[in-house]
Amino acid sequence: MAAAGCWQEVSGPECWLWACRCVAVVTAKLGGIVTATDLKGNLPLLTDNCRSNGVPEVHVCEHSWGCADVDDLQPPFDVITACDVMYIDELAPALVKSLVLLSGPDALIHIAHGRNRPAEPAFRKAAAQHFGIELVPSAELDEVYQCSDVNVLRLRRRLDQIQQPQQPQQEQKEDWRQ
């Protein structure tokens, strides 16, 4: 699930997708460079779905929310999409930590969920420290998703939370003659 009109922005950028099997396939077919993650037990199915749908180039790997070791995922990402991730209050801070670690300064993040959203208030509270959050108006969604039990949140990094890249310091060379 994604907001209509978002697809024009997808072609070419680095995309990270969590639990979005169909979206991973479509995004890759539209030209996105896709990294799709899920829990370890779901990776074979995710890999098979990508291969079966003609996008074997999708980078499939495990990621646990909040894990600071994200090098294998190769961030930062320009587009992040997650589906049905609002189910446990205690996991909201870990999900937000992953979004912060993985999103680039201009990243567009969409999080879609249906009835499985009891942790949305906890997520919004944790995410508001780092992101501007808006509910995508139903008029922007495909008509299939224009219903009362589907929400799509759009997040963008808050300008005051974007860290500027640090300039590399001149490396001090040890004088080998001493």
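Computed from a predicted structure; not experimentally measured.
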Check [X] against [Y] and note the closest heavy-atom contact, atom names and distance.
| X | Y | answer |
| --- | --- | --- |
| Ala36 | Ala24 | CB-CB, 4.1 Å |
| Ile111 | Phe123 | CD1-CZ, 3.4 Å |
| Ala28 | Val58 | CB-CG2, 3.6 Å |
| Cys50 | Val60 | SG-CG2, 4.4 Å |
| Asp84 | Gly114 | OD1-N, 3.3 Å |
| Val152 | Ala112 | CG2-CB, 3.9 Å |

Results of side-chain hydrogen bond (donor to acceptor under 3.5 Å, both in side chains) for Gln146 - residues two or more places apart only: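 So Gln146 forms no side-chain hydrogen bond (donor to acceptor under 3.5 Å, both in side chains) with any residue.
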
Taking the side chain as every heavy atom from C-beta outward, state whether [X] and [Y] have any pair of such atoms under 4.5 Å apart.
| X | Y | result |
| --- | --- | --- |
| His59 | Thr37 | no |
| His130 | Leu99 | no |
| Asp89 | Lys125 | no |
| Val70 | His63 | yes |
| Ile109 | Phe77 | no |
| Thr35 | Gln74 | no |
| Val55 | Val34 | no |

Distance from [X] atom [atom1] to [Y] atom [atom2], nearest 0.5 Å?
| X | Y | atom1 | atom2 | answer |
| --- | --- | --- | --- | --- |
| Arg154 | Leu135 | CZ | CG | 9.5 Å |
| Asp38 | Leu43 | CG | CG | 6.5 Å |
| Glu62 | Leu73 | CD | CG | 10.0 Å |
| Asn53 | Asp48 | CG | CG | 9.0 Å |
| Leu153 | Glu120 | CG | CD | 5.0 Å |
| Asp160 | Gln129 | CG | CD | 11.0 Å |

Sidechain-backbone polar pair: Lys29 side chain, Gly54 backbone, donor-acceptor under 3.5 Å: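 Here the side-chain-to-backbone pair does not exist.
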
Evaluation steps, side chain to side chain contact (heavy atoms under 4.5 Å, CB included), between Phe131 and Arg157: CA-CA 4 Å; Phe131 300 98; Arg157 296 290 292 267; 3.1 Å; yes

side-chain contact (heavy atoms from CB on, under 4.5 Å) involving Asp69 - partner list, sequence neighbours excluded: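 By the side-chain contact (heavy atoms from CB on, under 4.5 Å) rule, Asp69 matches Cys67, Asp71.
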
Pairwise salt bridge (Lys or Arg N to Asp or Glu O under 4.0 Å) hits with a residue in residues 49-60, at least two apart: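 Sorted pair list comes back empty.
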
